[in-house]
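So you know, we letter chains A, B, ... as the sequences are listed, proteins then strands, and number each from 1.
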Amino acid sequence: MVDYNFREIEEKWHSIWRKERVFEPEIDQNKKSFFINVPIPYPSGSLHLGHFYTWTRADIYARFMRMRGFNVLFPQGFHLTGGPIVGVAKRVKEKDPETLEFFKKQGVSDSELEKFSDNPYEVATYFCDTFRSDFENMGMSIDWRKLFITTSLNPHFSKFVQWQFNKLRSLGLITEGRHPVVWCPKENTPLGDHDRSEGEGESPQKFTIIKFRSGDIVLPAATLRPETIFGATNIWINDSKQYSIVEVNGERWVVASDSIAKLSLQIPGIKRMDNISPKTLLNMEAINPVNGEKIPILGAGLVDTEIGTGVVMSVPMHAPFDFYYFKKAGLKIKPKKVIDVVGDDNIVEDAIKRFGETDGGLKEATRFVYKKEFNTGVMNSMAGDLSGLQVKDVDEPISDLLRSKGAYSEMYELTGKVVCRCGAKGVVSVLEKQWFIRYSDKEWKTKTRKLIERMNIYPEDARLQFLNTLEWLGDKGAARKGGLGTPLPWDSEWIIEPLSDSTIYMAYYTIADKIEKIPLESIDDGLFDFIFYGKDDGKETYKKKFSSLREGFMYWYPVDLRLTAKELLQNHMMFFLMNHTAIFGEEHWPRGMEINGWLTVGKEKLSKSKGATLTVKKGLEMWGIDQLRMIATAGNGMDDVEWDPVSVNAFSQRIRFVLDTVEGMNIFGDEKTIIDRYLISKMNRIIAQATSEVEAFRYGNAISSSFFGMYNEFRLYLELGGRNKSSIQRFLSVFVGLNHPFFPHITEEINRRLGNKELLESSAWPSQNIEEIDDVLENEIESLINTVEDIKNIIKLIKKKPEKIQISLAGKDKFDIYNTVARETKNSKNVIEIRRAIKLNSKVLDKLLKNPDKLPVKVLDINVEMEVFEESVGYLEKTFDCKVKVERNSEEDKAMPGKPAIKIV
RNA sequence: GCAGAGGUAGCGAAGCGGUCAAACGUGUAAGGCUAAGGACCUUAUGGCUUAGGCCUUCGAGGGUUCAAAUCCCUCCCUCUGCACCA
């Protein structure tokens, strides 16, 4: 066996493609365009096999579409927007050992490292270079002329993003408002998940503040369940704690002194005025804003002054804690029930009985009651205008009602404890003057829903997820004050944040190489209006100078396909769709998306830590590109896929066999048999199968037939004695064609060795000739194989070397009955119905219908069966090393169509 | 908690009402070929079976059907996202 150097072959073909510029498409109005892309990655180290997985999936499709005659554009850019790179540069300056170690491992020299110190630009450049070279080593069919980076490091791109934001603003889709964030009070910055030593995933939760009044004093009770106000019996305060009067918008609020620091981050202009003793408060009465009732103020230890305002409204019939303390206080007032739950009239009492009167028990009971009432409760007649509403729909109406009474306000608490890496306890801060993209806009969502409903989405399950995401999608803060990025055009203090500047940049690919040659001064919003909308200034100023940019956009857009892993579905991909429907006309809305799962190796996800050990570089050293590309076929759909490196053997073994076969083509001749017809029939069947599997991104299924299936058919052909040179030539040419998107280099090599002159990369995808498919022949070959299995089985059972094997095929009448049943099973597979339809009294029929699980469904033919078996006598005799006799029309009882009687002596 | 997806033989992964003891790949075992190892070839790989057969399986438990890995219900477990984070 010849030894093949796969790496050498890969490099050879890669450089040929580059030289022939097959990945650098030019605009050609006679050719349909196909624009495919993968989200721009944020560079931070080397690419790992997880990246390889996603990009290879894209590359396969790009090559597939190229072969199908499309003019394919597959570009790649890099995303530098955001904080991490700035952080890295800062940490290099501070000589953070972990960071220095990281770069050393990456092979960065000390002098280079010096340059990174406090210089994000240098870091960014470095990362972009490593990313690009990783991509190139991966053999991706990317058009690098279109490469661009984001942020003001690329001022041309920034101009584009600013145009986008001016556009959104002019459409009324940008607003200014306040926004709660988790906040580190020590470092005075937002506290993202990555910055926390404790409390990942915790977020601000909105509490409604209901303003009860007592004279000119406001008692702001914070609650998660404002709708229970109709049943408020009293106000609780903690009479062992300090209370203060603070000024809020000219009102005098009573709050626990403990809560003032927290509230001051949330309520602008809050001012502490005075102390007020709990004793004074206990002598006051408060007015319930929704019904004017006067209710007392009571002291209770249950009030935690760390939560909310330290002022709590008491609703005994709907809150276990309130019920328990209310009873203890011995008040004469009769508590009102305002929510009905079918089948549980005393839900609070029942819950306390069930969970106990301890602190923990009351907590459990509270959870239980809240959940039950929220999901199944209905506001009853005590609830005024809200009567009859379901509790889960009551949020807005109750807020509106409170607002109308001047009794509404709000605040936030964390859903759990958060601790910053610096050690400080996280709090909620409400940031003022934030810029938002109004993703909550109903009309905008309707438009986007239309897009989601009509676009191609693979796998189909993802569509539902997009539609559901649309339901809860809310406004998104679009700018912040730190990190790299593009300044907001109308307020340059703010930098547009990473998920907002990367929503329509795919359009920028279509012009990237051209626009970056235009002097910055000539670029204004008018230019982009011209490129993307064809708007000119009346004197055709833009058209005269920039028509090629407009042409590029019009030719390549829209995005035909965007591929990514599932974690981007509900954020990035959603924003991508939303922004397209806002900014572009329907003809430029995206056409397709593919969402894939995660790659795992040894059941571990390729996160950053694991990824560092399984870099693309290492993988390529060990296996080479084509073999490594098996990864992309590891699974289908959105499930995570496990990849076992050992499985690459399957590839090289078979490829070697094919290469050897091609080397030794001269041993084959001109003689054709029924086996050749079979081979070509199978080939045509597989072409259609493989094509539809690739189209649907079920790559695993695709190579299962195009690679392994074809290989196995080829082996079978040889085993059955197939020796025709032109059949083999034709079959292998189709084999390399169908497999080229998956294993581009080696297929290109085999194709050339087969004597085909054209580059596979630019030749046509194999097409099916349906005329050559012969169902009956395929079924009969299967009969032959099954019969061989049976014979082997019997020989094993009788433990004796056969001297002679006699194979008796069933007679024509049996075939007739068999085929009648096979046709009938297409209508119904119910044995009783088949019998009724056929109306025949026959032992053969009884036998066929005996096992309802094994009904005949294939059509068979006595003559074909005869031909197949007779032509295979040589093969059978070789296999069993004895005389084999085939006879037809036998009276043998056991012989059935497709299952001849076997006699071994 | 909310939303979506999923749990199939040692492993990975197809199948999504009847051709299912379940494709394909890989692993394991025995034999062949080799000076030897690798590669390659043959066979076995749920259980039972001296003539091609039978029995029990597709997270657990129920149900629908002549027929369920496939449809419905309940439960258990896993993955993804939940927004200032790229």
Side-chain angles (χ1 to χ4, degrees), chain A residues 1 39-42 44 79 81-85 179 181-182 190 192-195 201 203 367 371 415 431 434 436 439 459 461-462 464-469 471-480 483 497-500 502 565-572 574-575 595 597-598 600 603 605 630 633-644 646-653 656-657 698 700-701 703-705 707-709 712 779 782 786-787 789-800 822 825 828-833 852-858 894 899 901-904:
Chain A
M1 184 179 274
I40 44 178
Y42 189 83
S44 54
H79 200 207
T81 312
I85 287 180
H179 184 58
V181 294
V182 182
D193 266 351
H194 308 300
D195 308 321
S203 58
R367 261 176 66 88
K371 209 171 143 185
T415 49
L431 302 178
Q434 285 273 300
F436 289 91
Y439 288 128
D461 315 327
L464 187 62
Q465 209 156 329
F466 275 110
L467 289 171
N468 278 313
T469 306
E471 296 302 315
W472 56 255
L473 194 64
D475 295 350
K476 164 147 181 63
R480 47 185 159 129
E497 63 84 40
L499 281 173
S500 300
S502 59
K566 60 183 169 184
E567 77 271 17
L568 293 186
L569 191 158
Q570 297 185 56
N571 40 64
H572 167 75
M574 204 61 223
F575 302 146
I595 311 291
W598 290 53
T600 63
K603 286 282 179 204
K605 237 172 280 166
M630 288 281 290
T633 67
N636 304 313
M638 275 197 293
D639 297 342
D640 291 350
V641 292
E642 166 72 12
W643 182 66
D644 181 355
V646 183
S647 64
V648 299
N649 289 340
F651 171 78
S652 61
Q653 287 167 17
R656 283 201 167 84
F657 181 83
R698 292 188 294 260
N701 295 9
I703 65 157
S704 193
S705 47
F707 189 78
F708 296 106
N712 290 343
N779 293 340
E782 211 174 298
N786 290 340
T787 305
E789 285 298 308
D790 286 345
I791 296 172
K792 282 180 183 166
N793 232 335
I794 295 166
I795 291 174
K796 211 180 74 191
L797 287 171
I798 60 176
K799 287 180 186 147
K800 169 189 155 201
T825 54
S828 163
K829 287 185 170 153
N830 188 330
V831 176
I832 297 162
E833 278 172 35
D853 283 339
K854 290 184 179 159
L855 295 174
V857 287
K858 298 183 279 200
K894 272 203 168 158
K899 205 168 170 60
I902 302 159
K903 210 174 244 169
I904 298 173

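Between A60(B) and G47(B), the distance separating the two C1' atoms is 23 Å to the nearest Å. Rounded to a whole angstrom, the distance from the P atom of C24(B) to that of U78(B) is 33 Å. The same atom, C1', is picked in C16(B) and in C58(B); the two are 12 Å apart, to the nearest Å. Separating the P atom of G38(B) from that of A30(B) is a span of 12 Å, rounded to the nearest Å. Spacing of C1' atoms, U65(B) relative to C71(B), comes out at 10 Å, to the nearest Å. As rounded to the nearest Å, C54(B) and G6(B) have C1' atoms that lie 35 Å from one another. For the C1' atoms, the distance from G27(B) to C11(B) is 7 Å, rounded to whole Å. Nucleotides U45(B) and G25(B) place their C1' atoms 15 Å apart, quoted to the nearest Å.
With RNA chain B read from its 5' end, the first of the two nearest nucleotides for L473(A) and K792(A) is the one closest to K792(A). Nearer to the 5' terminus of RNA chain B, by closest-nucleotide assignment, is the contact made by M630(A) (compared with the other of E789(A) and M630(A)).
Backbone-only contact: P84(A) has heavy atoms under 4.0 Å from sugar-phosphate atoms and none from a base. Residue G597(A) is out of contact with every strand shown, counting any heavy-atom pair closer than 4.0 Å. Among the heavy atoms of the strands lying under 4.0 Å from G477(A) is at least one base atom, whether or not backbone atoms are also near. Heavy atoms of H572(A) sit nowhere under 4.0 angstrom from any nucleic acid atom. Using a 4.0 Å heavy-atom criterion, one finds that A634(A) contacts the sugar-phosphate atoms exclusively. Residue contacts shown for L569(A) are absent, as no nucleic acid heavy atom lies under 4.0 Å away. Using a 4.0 Å heavy-atom criterion, one finds that S500(A) contacts no nucleic acid atom at all. Across all strands, N712(A) comes closer than 4.0 Å only to sugar-phosphate atoms, never to a base (heavy-atom distances).
Taking the side chain as every heavy atom from C-beta outward, T633(A) and F651(A) never approach each other to under 4.5 Å. For the pair Q465(A)/K566(A), no side-chain contact is recorded, criterion being any heavy-atom separation below 4.5 Å from C-beta on. When side chains are defined from C-beta on, S502(A) does not count as touching T81(A), because their heavy atoms never get closer than 4.5 Å. In this structure the side chain of H572(A) reaches within 4.5 angstrom of the side chain of L499(A), judged on heavy atoms.
Using cut-offs of 30° and 60° for the angle between ring planes, the H179(A) and F436(A) rings count as perpendicular. Ring geometry for Y439(A) versus F575(A): interplanar angle under 30°, hence parallel rather than tilted (30 to 60°).
Counting only heavy atoms from C-beta on, K858(A) has its side chain closest to U19(B) among U19(B), A3(B), C40(B). Considering only side-chain atoms of N468(A), the nucleotide from C24(B), G4(B), A5(B) that sits closest is G4(B). Comparing G52(B), G4(B), A86(B) by their nearest atom to the side chain of Q465(A) picks out G4(B). Each of A86(B), G4(B), U26(B) was ranked by its minimum atom distance to the side chain of L499(A); first place goes to A86(B). Among G15(B), G81(B), C79(B), the nucleotide with an atom closest to any side-chain atom of K566(A) is C79(B). Here the nucleotide nearest the side chain of F575(A), chosen from G81(B), A83(B), G15(B), is A83(B). In this structure, of A5(B), U26(B), C24(B), it is A5(B) that holds the atom nearest to the side chain of L464(A). The side chain of Q570(A) approaches G81(B) more closely than any other nucleotide in the set G81(B), C24(B), G6(B). Across G52(B), G81(B), G25(B), the shortest atom-to-atom separation from the side chain of A650(A) is found for G25(B). Closest to the N701(A) side chain, of the nucleotides A23(B), U26(B), A14(B), is A14(B).
Of all nucleotides present, none satisfies the Watson-Crick or G-U wobble test against A9(B) with each distance under 3.5 Å. Look at G18(B): its Watson-Crick or wobble partner, with both distances under 3.5 angstrom, is C66(B). Here A39(B) sits opposite no nucleotide as a Watson-Crick or G-U wobble pair (both hydrogen-bonding atom distances under 3.5 Å). The base-pairing partner of U74(B), taking Watson-Crick or G-U wobble contacts with both distances under 3.5 Å, is A60(B). Nucleotide C82(B) has G1(B) as its partner under the Watson-Crick or G-U criteria, with both atom distances under 3.5 Å. A 3.5 Å limit on both hydrogen-bonding distances identifies U45(B) as the Watson-Crick or G-U partner of G27(B).
Contact between P459(A) and I595(A) at its shortest, heavy atoms only, is CD-O, 3.3 Å. Closest heavy-atom contact between S500(A) and K476(A): OG-CE, 4.2 Å.
Separating the CG atom of D475(A) from the C1' atom of C82(B) is a distance of 16 Å, rounded to the nearest angstrom. Following rounding to the nearest Å, I595(A) (CD1) and G6(B) (P) show an atom-to-atom distance of 15 Å. When rounded to the nearest whole Å, the span between CG of D461(A) and C1' of C16(B) equals 12 Å. Spacing between atom CD1 of I703(A) and atom C1' of U26(B) amounts to 12 Å, rounded to whole angstrom units. One interatomic measurement links the two molecules: CD of E567(A) to P of C82(B), which rounds to 10 Å at whole-angstrom precision. Straight-line distance from the CE atom of M638(A) to the P atom of A3(B): 16 Å, rounded to whole Å. Summarising the geometry, the separation between CD on Q434(A) and P on C84(B) is reported as 10 Å, rounded to the nearest angstrom. For the pair I795(A) CD1 and A44(B) P, the interatomic distance rounds to 12 Å; values are reported in whole Å.
Atoms CD1 and CD1, from I902(A) and I795(A) in turn, are 9.0 Å apart once rounded to the nearest 0.5 Å.
Neither OP1 nor OP2 of A23(B) sits under 4.0 Å from any side-chain N or O of R698(A). Note on N779(A): every side-chain N or O is 4.0 Å or more away from OP1 and OP2 of U19(B).
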